[in-house]
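Structure first, commentary second.
Sequence lines set the chain letters: A, B, ... in the order given, protein chains first and strands last, and positions in each chain run from 1.
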Amino acid sequence: MSTTSNNTSAIASAASTDELAVQMIDVNKWYGEFHVLRDINLEVFRGERIVICGPSGSGKSTLIRCINRLEEHQAGRIIVNGTELTEDVKKIEEIRREVGMVFQHFNLFPHLTVLENCTLAPIWVRRMPKKEAEEIAMHFLEKVHIPEQAHKYPGQLSGGQQQRVAIARSLCMQPQIMLFDEPTSALDPEMIKEVLEVMVELAETGMTMLVVTHEMGFARQVADRVIFMDQGQIVEMNTPEEFFTNPQSERTKLFLSQILH
Amino acid sequence: MPATTKKLPWQPFHRNDMLPPKPPPPATTGVLGWLRRNLFSNWWNTLLTLLGLWFIWVVASSLIEFALIKAVWTGEDRNACLPKDGVEVGACWAYVNAKFNQFMDGFYPADQEWRYLTVYAVGIALLVPLLIPKVPWKGLNALLLFGAYPVLAYLLLYGAPSLGLPIVETTQWGGLLLTLVIASVGIVISLPLGIVFALGRRSQLPVIRFLSIAFIEFWRGVPLITVLFMSSVMLPLFLPEDVTLDKVVRPLVGVALFAAAYMAEVVRGGLQAIPKGQYEAAQALGLTYWQMMGLIILPQALKLVIPGIVNTFIGLFKDTSLVSIIGLFDLLGIVQTSLADAKWSTPTTAPTAYLFLALVYFFFCYGMSRYSLFMERHLHTGHKR
Amino acid sequence: MKKIVALALGALMTAGVATAANAGTLEDVKKKGHVQCGVSQGLPGFSNPDDKGNWTGLDVDFCRAVAAAVFGDPNKVKFTPLSAKERFTALRSGEVDLLARNTTWTMQRDTELGLNFVGVNYYDGQGFMVRKSLGVTSALQLNGAAVCTNTGTTTELNVADYFRANKMQYEVVAFEKADEVVKAYDEGRCDVYTTDRSGLAAQRLKLKNPDEHVVLPEIISKEPLGPVVRHGDDQWFDIVKWTLFAMINAEELGVTSQNVDEMKKSTNPSIRRLLGVEGKFGENIGLTNDWAYNIIKHVGNYGEVYERNVGPKTPLGLARGLNALWNKGGIMYAPPIR
Ligand SMILES: Nc1ncnc2c1ncn2[C@@H]1O[C@H](COP(=O)(O)OP(=O)(O)O)[C@@H](O)[C@H]1O
Ligand SMILES: N[C@@H](CCC(=O)N[C@@H](CS)C(=O)NCC(=O)O)C(=O)O
Ligand SMILES: [Mg+2]
């Protein structure tokens, strides 16, 4: 299988690969017998914000986790930032450096302080001097509105604060693409707001974002595209206005009627 | 029923003045309170307490009588510790005194004793600050202890004629010195090796996983005594004629590998307790496998299994006593050997010897156990979840 | 267990795995500058370290005698303490040049195990100890007795044979360690304590009132203890063997460490040959002709060594008995040097 082939790519695409952050071509994945991703084709443009929604178990997490190789796809091609994902560990690490991820359960490192959580990867992966890494970390902790918590341990913070640290931690690597997997699902209502605010502000900086969420308010406000998934397939993809006001597929209609009331 | 007659079963209530805190009733706090609650709360508990006290008294008083009151403190030979007028004496400390040097170092030449004493002193000077969390420069300290110190210890203990230190062959090492050498080398080797095999057992690569499982299960499947026996009896037969593996190195390797297998299983338990999310977060940040393990997973996993690790250390320390069956004079071996000296054969020599052994082993094992408890609590307060 | 180990060793040897250090032991020893001698891990009177950490005992002195014969210096010897189990492997593999570890000379060890016993330096045998108050004077009066002994030893088997042969009943009380056995006996948990007589003498010192106990005259097994070398090096075998014989001959000829220099002037041809004044006996076995002089001068004759380590004046207090010279009521006998 050929790897990055830039402009001469054989992929039928409207855009040149330079403009594409992520390219998924006929991606298929199985868990044993279970066909979890079926013929996924998706092109994400740089600076684009995509919201992915769909019923539980439809494969949303699996889809975005394939983008940074937390899950391995078995057929098709995934090209991230111009590099194709293969078995090559070097390539995988290269891609992961450029792709940040925020998890539903934060996954902060409990044995490190907030600041250490944020500086760890820049120091060890980007080989940044500690002082510089700390300056950058404080910058992003300010962006997520919690610079005063820098020297606490994650266990001493509220859920919303932890999730904002997790976002800052990813941003400290200064990635080109950010993946969010239901970042607000584990939070109490008043904390959802503070996390969404941070995400909106991030979206305004022009970051490429793929967000799995059921926060339809967020989708309406920032998304360039909304994707609806069911049974491992992309069922519908449209602009937020069209998607919410004029869904085409029966499944989408049913789903929207369940979550919007 | 007419509504007017309906009466609420409760009174509406509100409060404007908040209650100030009051001290608890007397005798539920302080020593008396504790005693009453824990030891004398009812007649059955009281009875058990009294029984326990009686039992402690019986054991402790006969021990004190043997070890202190009826003990013989000085003397030249067995005559000092023989029964006086048909009455048996207590512990024969005169014998321990006469043999004390041997118990400490086996047959280490008397004029070279400063060498191992220096090794002890430097070891303590490097170990103690490393064990106290508040003391800074942990990295440099660890580098000195695990890098420079072993070289120094080797040169001093074994000798280097070029430095003016005559060779003291390992066959002359013995007593507590040998026990400490085997135990500390075993501890220092078994932990990293155990970690490597624990990681290997969870590896994605079948060959590495298989080798790790084979190693772990092999060493867990054979008794240490067999390992030691094999290493001392069978190994020399298989080695070429002119290759003679040092008599101390053989069991040293055996003990270290044996402990490493147990350590691997302890560490694996810790690894299993780390949530998948920690691995994923580390990977998503672009950390390599070894960075992920070294910076994220192991620090958490090892902390979880400190009691298990220390348990293995304590077991290893006590297992070193098994080397006495293959002709090494570790502490147990040299003490048992000294029992064969007719010069000191008396009815109380053996009980004295074993009491002495118990005290020394207890000192070290209890020390490790207390330190592990302290460490657990210390790490716990650092960052509770 | 013993049998299995022996079989395994036998198999290994016939397979030729360990043809270790067959010939040339003397050269090896000279090159090393010391004799490596396998001894016990502590056996009263035979090999045990004293308060200063110096090895002492009958077997230890024999090792020193070999060193004196080879180097003229009894201190050019190093001791390897060996458990009963590993002693033969250590010798086979060349880890030790010589084994002097109160080892009983048996046919199987002398042949199948590939070893050579150079002779006997102590005639031992299994005996019985009882309380005087029991009023027993012969082992044949022990019908129905409770017998204390070590588990899994030949002693246990010997005692079974003896009681069966004499149609007597007994009850065995066995323990792993000698210290446990002697404690049980002292506490009256059995009537009889049985082990090798040298062991009885040593263990007796641990009794509360040794005077209240008596060793019965019967000896129920032959335990000839002797130094051992490996098959295949006749020169070394000769050296070690004649070291023992020289010590015994010296006693017979009245040559001691005290008078050995005088004795060099003796006109007795036997003494002159022993001390190398006449003949080339030393050179013929690869040593110097004053080899035996050195043994006697630095270590002593057999009688001296016996008295020093196990004799009546030591805590063990063992009478010479069988170990007296053949012309003094014992069976210690050495071929002549001529
Ligand atoms: N490691 C796994 N092994 C087997 N099945 C899995 C695994 N992970 C997820 N699945 C299944 O794949 C389907 C899609 O999972 P997921 O992508 O997590 O869905 P979503 O995020 O849309 O809720 C679910 O049915 C889930 O049970
Ligand atoms: N002479 C017997 C017995 C030798 C033997 O093992 N003796 C025992 C004591 S009776 C012993 O050495 N015990 C102490 C030790 O193993 O170090 C033989 O050669 O088999
Ligand atoms: Mg999901």
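Across every non-hydrogen atom of Asp191(C) and Tyr185(C), the tightest pair is O-CE1, 3.5 Å.
With chain C as partner, the option from Gly174(B), Ala350(B), Ser345(B), Ser324(B) having the largest number of non-hydrogen pairs under 4.5 angstrom is Ser345(B).
Judged by distance alone, the side chain of Trp236(C) and the main-chain N or O of Arg230(C) form no donor-acceptor pair under 3.5 Å. No side-chain donor-acceptor contact under 3.5 Å links Tyr108(B) to the backbone of Leu177(B). A donor-acceptor pair is defined here as one N or O able to donate and one able to accept, closer than 3.5 Å; no such pair exists between the side chain of Asp196(C) and the backbone of Gly199(C).
Heavy atoms closer than 4.5 Å to chain B are found nowhere in Thr314(C), neither backbone nor side chain. For Asn101(B), no part sits under 4.5 Å from any heavy atom of chain C, backbone or side chain. Gln172(B) does not touch chain C: none of its heavy atoms, backbone or side chain, sits under 4.5 Å away. Interface remark: Ile334(B) contributes no atoms to any contact with chain C (heavy atom separation under 4.5 Å). Only the side chain of Lys78(C) comes within contact range of chain B, with at least one heavy atom under 4.5 Å from a heavy atom of that chain. For a residue to count as touching a neighbouring chain, one of its non-hydrogen atoms must lie under 4.5 Å from one of that chain's; by this rule Phe329(B) touches chain C with the side chain only.
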**Request:** For the pair Trp55(C) and Phe107(B), evaluate ring pair (Phe, Tyr, Trp, His ring centres under 6.0 Å) and give the outcome as yes or no after the intermediate values.
**Result:** CA-CA 10 Å; Trp55(C) 283 93; Phe107(B) 304 101; 5.7 Å; yes
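Inspection of the Thr80(C) and Gln36(C) side chains reveals an N or O donor paired with an N or O acceptor under 3.5 Å.
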